[in-house]
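Quick notes on the structure that follows.
The shown structure was predicted, so the numbers you read here are calculated from the model rather than taken from an experiment. The sequence lines fix the lettering, A, B, ..., with proteins before strands; numbering per chain opens at 1.
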Amino acid sequence: MEGPSINILVEEVKSFRKQKIESVKGIVTTIDIVELTGKDVKAFKSWGKHFLICFDKFYLRVHFLMFGSYTVNTPKDRPSKLSITFSNGTLHLYTCSIQKHPGKPEKNYDWSSDLMSKKWDPALTVSRMKKFKEHQIADVLLDQNIFSGSGNIIKNETLFWLQIHPERLISSFTHKQLSEISTRTRDYCYNFFIWKKAYTLKKHWKIYGKKKCLECGTDVLKKPTGLTKRRSFFCPNCQK
DNA sequence: CCGGTTGTTCAGCG
DNA sequence: GCGCTGAACAACCG
């Protein structure tokens with residue numbers, strides 16, 4: 001699950017904000033769920049791919065990784081990791097990593113790297129990119145400390161949009177190009193958010209999962225690239 | 001039905 | 001203590 005999806009989740013649970021937890025259940029073992037009962041949720045936040053459930057003196061950090069999912073109200077046909085019931089509904093979390101952290105998330109998170117945040121800072125992003133001169137752009141676009149919330153779909157689609165080869169090194173770009181890459185990645189995240197809410201995300205994929213380049217008809221290459229070895233889909237003709 | 005994956009963490013090594 | 005590698009985990013889709 002990529003960053004924009006977490007922002008959609010935050011929207012979906014808006015009605016639970018500032019509500020008291022009536023009951024909890026789940027198979028999660030990393031936290032003590034009993035103590036959640038009766039507490040008020042102060043806020044739901046996101047940072048990158050992290051979904052944060054904030055309480056007065058601590059917060060829960062939920063990460064959905066590859067296979068995580070959630071539902072609001074309608075449970076799935078298997079036990080949830082954690083289900084939180086309020087007077088007006090229940091949030092069910094499945095197959096995710098849940099951690100409890102003391103204090104406020106503001107102490108641990110810097111939103112200047114979060115692509116979906118109002119605090120996202122393009123100049124800081126470019127300066128962070130420049131520290132990885134000999135790394136491939138595809139790897140840097142997956143680095144959560146630089147592009148918090150970016151994932152493999154966002155990486156591939158943004159690089160195709162920019163007609164950039166995923167294995168190009170950071171050192172091969174000018175400052176202006178790095179700036180362009182960062183702002184387009186942010187723009188793609190906003191599109192992802194809109195498209196996903198409209199259930200038209202897949203329809204907009206131009207390279208991810210494709211066999212032929214939609215621009216020129218060339219066979220799309222599908223290759224594990226860089227240190228991360230995540231699959232890069234790219235057109236060897238269009239992307240330089 | 002099998003192979004692949006919208007991802008991260010950690011053990012083990014040199 | 002570092003950088004690097006591969007394993008482990010997990011559920012759904014085509």
Could you give the CH2-to-P distance, from A/Trp205 to C/dC13, as a whole number of Å? 12 Å
Between A/Thr95 and A/Lys202, whichever has its closest DNA chain C nucleotide further toward 5' is A/Thr95
When you measure from the side chain of A/Lys229, which nucleotide among C/dC12, B/dT5, C/dG6 comes out closest? C/dG6
How many Å lie between OH on A/Tyr188 and C1' on B/dT6, as a whole number? 11 Å
Atom-pair distance (CG on A/Asp143; P on C/dG3), nearest Å: 13 Å
Taking atom types as modelled, find out whether A/Lys25 and A/Ser80 have a side-chain donor-acceptor pair closer than 3.5 angstrom. no
Is it true that the side chains of A/Thr125 and A/Ser182 contain a donor and an acceptor less than 3.5 Å apart? no
Over all strands shown, is A/Lys222 touching base, sugar-phosphate only, or nothing at heavy-atom distances under 4.0 angstrom? sugar-phosphate
Rounded off to whole Å, could you give me the CZ-to-P distance for the A/Phe233 and B/dG4 pair? 12 Å
Salt-bridge test for A/Lys155 and A/Glu2: reply yes if a basic N is under 4.0 Å from a carboxylate O, no otherwise. no
So, A/Lys130 and A/His175: side-chain donor and acceptor under 3.5 Å apart, yes or no? yes
Given that A/Ser69 and A/Leu227 both sit by DNA chain C, which one's nearest nucleotide is further toward the 5' end? A/Leu227
Please report, rounded to the nearest Å, how far the P atom of C/dC4 is from the CG atom of A/Asp139. 11 Å
Can you list everything that forms a side chain to side chain contact (heavy atoms under 4.5 Å, CB included) with A/Ser113? Sequence neighbours excluded, please. A/Trp47, A/Arg128, A/Ser148
Phosphate OP1/OP2 of B/dT5: any A/Arg231 side-chain N/O under 4.0 Å: yes
Could you walk me through whether A/Phe234 and A/Ile164 pass the side-chain contact (heavy atoms from CB on, under 4.5 Å) check? CA-CA 9 Å; A/Phe234 61 102; A/Ile164 289 172; over 6 Å; no
Provide, to the nearest angstrom, the distance between the CG atom belonging to A/Leu93 and the C1' atom belonging to C/dA10. 16 Å
Working for side-chain contact (heavy atoms from CB on, under 4.5 Å), residues A/Gln163 and A/Cys235: CA-CA 9 Å; A/Gln163 306 276 273; A/Cys235 172; over 6 Å; no
Using the C1' atoms only, state how far C/dT5 lies from B/dT6, rounded to an integer number of Å. 24 Å
Nucleic acid footprint by protein, nucleotides 7-14 of chain B - heavy-atom cut-off 4.0 Å, B for base, S for sugar-phosphate alone: BSS-----
Between A/Trp161 and A/Lys206, is a side-chain contact (heavy atoms from CB on, under 4.5 Å) present by the stated rule, with each step listed? CA-CA 8 Å; A/Trp161 192 17; A/Lys206 292 215 161 31; over 6 Å; no
Between B/dT6 (P) and A/Phe147 (CZ): distance, integer Å: 19 Å
For DNA chain B, just give me the dot-bracket, please: Watson-Crick or G-U, both distances below 3.5 Å, ( ) intra-strand, [ ] crossing earlier pairs, | paired with another strand, . unpaired. .||||.||||||||
Going by the ring-ring contact (aromatic ring centres under 6.0 Å, His included) test, name the single residue among A/Phe193, A/Trp195, A/Phe147 that passes it with A/Tyr188. A/Trp195
What is the distance from CG of A/Leu159 to P of B/dT6, rounded to the nearest Å? 14 Å
